[in-house]
Amino acid sequence: MATPLLLPSRAAHAAATTCASQHLAAATSKEPPPRLRRTGGSPGPPKSLVLSHAAAGRMDEALDAFAAVRSPDAFLHNVMIRGFADAGLPGDALAAYRAMLAAGARPDRFTFPVVVKCCARVGALEEGCAAHAAVIKLGLAADVYTGNSLIAFYAKLGLVEDAERVFDGMPVRDIVTWNTMVDGYVSNGLGVLALACFQEMNDALEVVQHDNVGIIAALTACCLESALMQGREIHGYVIRHGLEQDVKVGTSLLDMYCKCGEVSFAENVFASMPSRTVVTWNCMIGGYALNELPADAFDCFMQMKAAGFQVDVVTAINLLAACAQTETSLYGRSVHGYVIRRLFLPHVVLETALLEMYGKVGKVESSEKIFCHITDKTLVSWNNMIAAYMYKDMYREAITLFLELLYQPLYPDYFTMSTVVPAFVLLGSLRQCRQMHSYIIRLGYGDKTLVLNAVMHMYARCGDVMASREIFDKMADKDVISWNTMIIGYAIHGQGKAALELFNEMKCNGMEPNESTFVSVLTACSVSGLAAEGWMQFNSMQQEYGMAPQIEHYGCMNDLLGRAGDLGEVLRFIEKMPIAPTSRIWGSLLTASRNKNDIDVAEYAAERIFQLEHDNTGCYVVLSSMYADAGRWEDVERVRSQMKEKGLQRTEARSFVELHGMECSFINDDMSHPQSEAIHELSDILSRKIGETLDGPINLCDSVSSAATRTGMPNKHSVRLAVAFGLISSEVGTPILVKKNVRVCNHCHHALKLISRYSGRKIIVGDTKIYHVFSDGSCCCGDYW
């Protein structure tokens, strides 16, 4: 132990700490063992027995011998307290401390370091604070060992400011004091303060060299903050002072480099280490997995086995993280079989890693089996099962599991909420959106950027883009996802100019756009028909930002060209693409040909789509609709026969409208609503008022049979009935919001424009692609969708 230095108190770090620490990192402080005190004569046999039994960890025998001692002094009480603590019985140690106080013995500077550590181990805040008060009362506050224990105690329980106050009040600090404070910051996730304290420590202890405990804590802080520059400075210090031979320091260095994304530096450290432990190998395997290098992780694992190291549970967990990045479950199943043969199961962390791996490779059934077999499910287990459902677009299952979680003795965290919130888009209910938002605020996650991004997305997808903007404007810490979410929110609501204005604001605020940003921007240009702006942004992403367009960007440009109506130009653009066209690209051409009524091009696009996706129901539906428009009923029947042969069924059209907290749904020709007679009567009146003609070939893509296609009335389509219900059930002048599970047909789209003018109401209809805002006889989509 270095000689304590007399140091002035430093200014307390300003830190707002709200949550308790979950882990206490490496050692905090060392206190001297109780000193043997010589009294007038030789100690009696019971005292000797207490000492020998306690030293050997035989605490039952020590307790019996202690009971035989008449009027034990503070020294013997300390022996019992320390004996219980060393035997891993902190609760019994605290009971011995309470017995000491009851017996009237006076605690000393050897008592409190052990007692306070035991309070930290069992989370006994009240008893620890009482011990702190006794320390002050007995005049022991200046004792460095007691102070070190108090710092560790408060930091362990998440009370960083109290730990700082103890630290600032210590007239004497040694290297353990500083290490404990740095480690306290780290264990509470305060990497910046930990590094600042480490630097202050370096300045204060000029003649004292850092030990491995402080170095490891500082490197962990670098991991928390991705502080590569500080990490390299610490690495330089390690080399200059010969600490690179320490295997724990070397392991911490390679872990830091991996978590800062510098795998090559980590490999250099790993290669230069004179000795390695299982922990070292695990860190290297985990580092490869963290940086999405699964093949390197597997190679490292094989080298580990060849070097004769025994695989443990942590090795398997890190390997599973690498397996989750492969396109097949083969590697993951191999690891699963291995851990079963090694009898590693049950193990909740390992089981959760298995669950996550199967979810990420799309084997949700395997995830379900593992989830059901976990006896002590943690919140992480629930989160990963919900995420597995979300990954496979099983939104209803995700919502059901989330609701089941609410009845468990667990509380969702911000990761739970950010994962499950997008699933509520499926319900399409603004009431449900508001309930979820309220619940998130009650849980205390209303300021978490990750969660707020999901809530913004939820509101935009459910039709309330203004609510999304309100959240966006109030966010204190916007990241690139926040901006992207708001831009795409404007895009799907047909507000292309607002999306571009926000994009410009994003750049003015110094936020660097990424590939997803340009997908949102190009979508906005496509939906709103901003051709010149679209080309400018498409060129900008390549020339200004050096980004190579991906298939999503080409898809947006395809939509933009298709909107202009020159199908030849669309075809030429596809032919010049450096990426092989996907069904998404050919689908864009199909949409353009549908809007131009060019059946030849539509058939060509459909043929390409069927080559890639044999069961693309939407493609069959569009072809059938175009044949019906042209009166080619034999082709309609042929397409429907092909669908029947393949077992494909078109989605039944259904429209939803939410009023007064209640949601009503309608299908074509629906008569199930209590107000059906009034709804149908109003729909007929509106048809007459807007001069709607129902004779002649019309594309009734809501129809479900060929007979209905020829004879059905478009004013009985689900969306028309939902709008009629909204008109008779809402206040005059208020907008009507309807959501539809399939594309709005051409005839209804035209009719809704006229109805919006006649009624003087804004009508918002969200289909599978965008929200159509009908107002005063026009739609925000410009009749292209």
Side-chain angles (χ1 to χ4, degrees), residues 352 355-356 358-374 377 379-408 410-440 443 450-451 453-464 485 492 615-618 647-658 661-667 670 672 704 718-719 722 737-743 766-769 771:
T352 302
L355 186 161
E356 181 181 13
Y358 280 121
K360 288 185 175 179
V361 297
K363 299 294 182 182
V364 71
E365 300 85 0
S366 299
S367 292
E368 289 175 324
K369 290 178 182 177
I370 293 170
F371 182 77
C372 292
H373 281 93
I374 300 177
K377 298 180 180 69
L379 182 59
V380 178
S381 309
W382 288 88
N383 287 349
N384 277 295
M385 192 65 243
I386 293 171
Y389 283 135
M390 293 296 294
Y391 183 77
K392 291 290 287 183
D393 296 335
M394 299 170 67
Y395 301 129
R396 294 194 184 279
E397 289 81 357
I399 292 172
T400 300
L401 190 64
F402 170 72
L403 296 176
E404 186 180 340
L405 169 62
L406 298 184
Y407 289 97
Q408 305 297 318
L410 297 167
Y411 285 96
D413 62 6
Y414 71 93
F415 181 82
T416 318
M417 303 311 297
S418 63
T419 302
V420 78
V421 161
F424 282 83
V425 174
L426 176 70
L427 302 181
S429 169
L430 278 174
R431 180 173 58 88
Q432 295 277 6
C433 289
R434 294 182 182 116
Q435 286 180 345
M436 282 297 293
H437 191 190
S438 175
Y439 183 57
I440 286 167
L443 286 174
L450 183 67
V451 178
N453 290 341
V455 174
M456 275 200 302
H457 170 78
M458 176 179 67
Y459 273 123
R461 288 290 178 182
C462 289
D464 194 348
T485 302
I492 64 174
D615 56 352
N616 191 308
T617 305
L648 303 177
Q649 292 184 343
R650 64 185 303 166
T651 303
E652 181 184 39
R654 185 176 292 272
S655 296
F656 307 84
V657 60
E658 186 178 353
M662 299 295 293
E663 186 177 83
C664 298
S665 67
F666 297 87
I667 60 174
D670 200 322
S672 63
V704 294
S718 62
V719 67
L737 175 62
V738 175
K739 286 175 280 292
K740 196 170 187 291
N741 65 339
V742 296
R743 176 183 179 271
D767 62 13
T768 53
K769 187 174 182 181
Y771 275 88

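Counting only distance, with no hydrogens or angles, the side chain of Asp670 and the backbone of Ile667 share a donor-acceptor pair below 3.5 Å. Checked by atom type and distance alone, the side chain of Thr400 pairs as donor or acceptor with a backbone atom of Arg396 at under 3.5 Å. Using modelled atom types, no side-chain atom of Gln432 and backbone atom of Phe424 make a donor-acceptor pair closer than 3.5 Å. Side chain of Asn741 to backbone of Glu652: a donor-acceptor contact under 3.5 angstrom is found. At distances below 3.5 Å, not a single donor-acceptor pair connects side-chain atoms of Tyr414 with backbone N or O atoms of Ile440.
Separating the CD atom in Glu658 from the OG atom in Ser665 is a distance of 12.5 Å, to the nearest 0.5 Å. In this structure, Leu450 CG and Thr419 OG1 are separated by 7.5 Å, a value rounded to the nearest 0.5 Å. How far CG of Leu379 is from CG of Asp413: 4.5 Å, rounded to the nearest 0.5 Å. Atom OG of Ser655 and atom CZ of Phe666 lie 9.0 Å apart (nearest 0.5 Å). Going from atom CD of Gln408 over to atom CG of Leu406 covers 9.5 Å, rounded to the nearest 0.5 Å. The distance from atom CG of Leu401 to atom CD of Glu368, rounded to the nearest 0.5 Å, is 9.0 Å.
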(message) If you apply the rule ring-ring contact (aromatic ring centres under 6.0 Å, His included), what do you find for Phe402 with Trp382, and how did you get there?
(response) CA-CA 8 Å; Phe402 170 72; Trp382 288 88; 10.0 Å; no
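Taking the centre and axis of the six-membered ring of Tyr391, the NZ or CZ atom of Lys360 falls outside the cone set by 45° and 6.0 Å.
Judged by distance alone, the side chains of Asp393 and Tyr395 do bring a donor and an acceptor atom under 3.5 Å apart.
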